[in-house]
Number of protein chains: 2
Amino acid sequence: MKKTIYDVAKAAGVSITTVSRVINNTGRISVKTRQKVMAVMKEMDYLPNVHASALTGKRSNIIGLLTPDISNPFFGELAKSIEDRADELGFNIIICSTDHDSKKESKYFSILKQKSVDGIIFATGIENHDSMSALEDIVNDDIPLAMISQDKPLVPMDIVIIDDFLGGYAATNHLLSLGHRKIACIMGDGSTTGEKDRMKGFRQAMQEADVPIDDSLFVPTVFSLKSGKEEAGKLFDRSMPTAIFAFNDVLACAAIQAARERGIKVPEDLSIIGFDNTVLAEMVDPPLTTMSQPIPEMGRRVVELLVDEMKGKKTAKQKIMLPPELVIRHSTARLKDIPPVRLS
Amino acid sequence: MKKTIYDVAKAAGVSITTVSRVINNTGRISVKTRQKVMAVMKEMDYLPNVHASALTGKRSNIIGLLTPDISNPFFGELAKSIEDRADELGFNIIICSTDHDSKKESKYFSILKQKSVDGIIFATGIENHDSMSALEDIVNDDIPLAMISQDKPLVPMDIVIIDDFLGGYAATNHLLSLGHRKIACIMGDGSTTGEKDRMKGFRQAMQEADVPIDDSLFVPTVFSLKSGKEEAGKLFDRSMPTAIFAFNDVLACAAIQAARERGIKVPEDLSIIGFDNTVLAEMVDPPLTTMSQPIPEMGRRVVELLVDEMKGKKTAKQKIMLPPELVIRHSTARLKDIPPVRLS
DNA sequence: CTGTTAGCGCTTTCAC
DNA sequence: GTGAAAGCGCTAACAG
């Protein structure tokens, strides 16, 4: 039932070589033959078998995407923009949810290799030893690679990131400019370069403003609503800040919820700034002031970087750094002056 | 640089057939040989080339997933649960965003066919002619198929859906039980069976409660925050209901925002119930009362259905209907009695 | 129990 | 310009 190149050749009255040539646009073929063959292919609804051509060294037109969790809106939106651009360029995406599990990471590495994908995009950290060595294998195997939203200073690689330092700096400055001094940071485990840079930006801004940094105001957690809420709650009970810099929108939402449960008003009593500017940011109440990442552009750019590399267009690895942007909504406000005396 | 079955055979001092046999666990092999070969494979870090085996009729272990939009939390969460279960069963997922575009749908059909995926999961409508005939092609080609969250009454197929009729009925009853009578429905274009059934459930509940149905309270829109907000706004300006049944959580959020912009309080002045119970539901303020879909289970079940079909385990097509569940949070409340006289 | 051999559908020399 | 034929890496009869 399946059409093969032989069927086409027979129907067109030529050899399979000729058909192959018109498919791949190689060699010299008379206009007549080419048209004839094209017509037949169209009519038969013929599509070359990918496995067969992949076997003979051609591309599979598949790109592997390693992401921690597509159900997280940030990665969902990123995946969508990647898929869109890949589709335009003729590639499909195999999606791999690593769940931050290093075993799954290295497992997916080998599966993708086995499926001989044309390239791999990383949207996930690769901090542990296992996946690091798997990564090296991939590099050694000359499988094109690109990272997004994750820096890897040691290895030369194609990378698309945002300027996290600037992001941390700008977010903090926004809070500072509203009069806040006691600012807490709610973040992940602090292991990724992105987090580290945001923290550096935070420190830099605080320092420039001559505000001493209280390390007990750094709240490490996991990037999930649940644990964010717990940790934020503990923080509030321990030492109430006037503002919070959350390292992503989910964590910012968590902080809002924790505050609400305690009757703390946002932004009147507590300003909160997020990071990412996912759909969540405009959904919550109050709408989130947040550092926006240009997700669609980031997705587009990694794909282009990767495809260029696959086609051998590029010589050197590139690092594309995009600027984040402050989006002011309603979760941050000027610090209230605490009246020295209550005039009841 | 790439290891082939020949390398393994040579290193193990056996023929490639033997190697193939231990890989696929077919035929009889002495324990010794098997162990020897296994050891060599492990040591060489050998993985069989998928394209080669796919070419000889074996599975590609790839499942295609057609979804309208993974950046929508519902489909994101669904995709995640599908990917998880597929991974457990040894399959990878190629994700295809159709954007509700029928051209993309049929285009993806043929790409997936060409990539000889082992099966296809539909999480998207196939209402138009083009994709309908493409679907038939797939059925004719004997490519296993399963639909999720979309019924297709005409064709026998493996399907996992929720009981949308019950969902519409229960949601409406909840509102009714709180004393509401003027209930508006904010929905998509009403074309899918899911929407139709929810509407039937709505009508049924209203009828049983002897509440006349006002057709001007059906608000068709697109499943997006923006247009949901616009349409809800128009509705409010036109004829203010006391409660809203939104056909998904995004639309419910949209209604909340439109209400807030007009100073209408939820749930005091307006009750809103959503559908899906995505992360959004717990993020918004007020947290959304909504009809919960068992997303993780739905994802798990489609994959299982599809894999069973691929393995030829099943005889007849199945339709699995899961019950939705009312999750009461804070966006719905008892209709306030309008005091006949204000005792200011 | 194990090896030989003929393809799977396609690309790519090498002849004509 | 076009075709014959040799693989790509693997599976599956078919023989021993």
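By convention in this document, chain letters (A, B, ...) are assigned in the order of the sequence lines, proteins followed by strands, and residues within each chain are numbered from 1. The shown structure was predicted, so the numbers you read here are calculated from the model rather than taken from an experiment.
- Closest approach of Pro68(B) to Ala123(B), counting heavy atoms only: CD-O, 3.3 Å.
- Residue contacts shown for Thr17(B) include a base, since a base heavy atom lies under 4.0 Å away.
- A salt bridge links Glu88(B) with Arg85(B): the closest approach of a Lys/Arg side-chain nitrogen to an acidic carboxylate oxygen falls below 4.0 angstrom.
- Taking every nucleotide of DNA chain D with any atom under 4.0 Å from a non-hydrogen atom of chain A, the first and last of them, 5' to 3', are dG1(D) to dG9(D).
- Taking atom NZ of Lys3(A) as the reference point, atom P of dG9(C) lies 13 Å away to the nearest angstrom.
- Distance, Arg59(B) CZ to dC8(C) C1': 17 Å, rounded to whole Å.
- A 4.5 Å side-chain heavy-atom check between Leu305(A) and Ile320(A) finds at least one atom pair inside the cut-off.
- In terms of position on DNA chain D, the residue among Tyr6(A) and Ser15(A) whose nearest nucleotide sits closer to the 5' end is Ser15(A).
- Side chain of Asn72(B) to main chain of Asp69(B): no donor-acceptor pair is present (N/O by atom type, distance under 3.5 Å, no hydrogens or angles).
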Sequence neighbours excluded and cut-off under 3.5 Å, please list the side-chain donor-acceptor pairs for residues 293-300 of chain B, or say none.
from, atom 1, to, atom 2, distance (Å)
Gln293(B), NE2, Asp276(B), OD1, 2.8
Glu297(B), OE2, Arg301(B), NH1, 2.9

Exercise. Can you check ring-ring contact (aromatic ring centres under 6.0 Å, His included) on Phe74(B) and Phe223(B), steps first, answer last?
Worked result: CA-CA 11 Å; Phe74(B) 175 72; Phe223(B) 282 118; 9.8 Å; no

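- Residues from residues 20-42 of chain A with heavy atoms under 4.0 angstrom of DNA chain C, sorted by number: Ser20(A), Arg21(A), Asn24(A).
- Taking 4.0 Å as the cut-off between side-chain N and carboxylate O, Lys104(A) and Asp99(A) count as a salt-bridged pair.
- Looking at heavy-atom distances under 4.0 Å, Val19(A) makes no contact with the nucleic acid at all.
- Summarising the geometry of Ala79(B) relative to Ile95(B), their closest heavy-atom pair is CB-CD1, 4.2 Å, with the distance given to 0.1 Å.
- dG3(C) atom P lies 15 Å from atom NZ of Lys10(B), rounded to whole Å.
- Whole-Å rounding puts the Ile5(A) CD1 to dC8(C) P distance at 14 Å.
- With respect to the salt-bridge test (charged N to carboxylate O, under 4.0 angstrom), the residues Lys107(B) and Asp87(A) qualify.
- In this structure, Ile16(A) atom CD1 and dG9(C) atom P are separated by 11 Å, rounded to whole Å.
- His51(B) has its NE2 atom 13 Å from the P atom of dT11(C), to the nearest Å.
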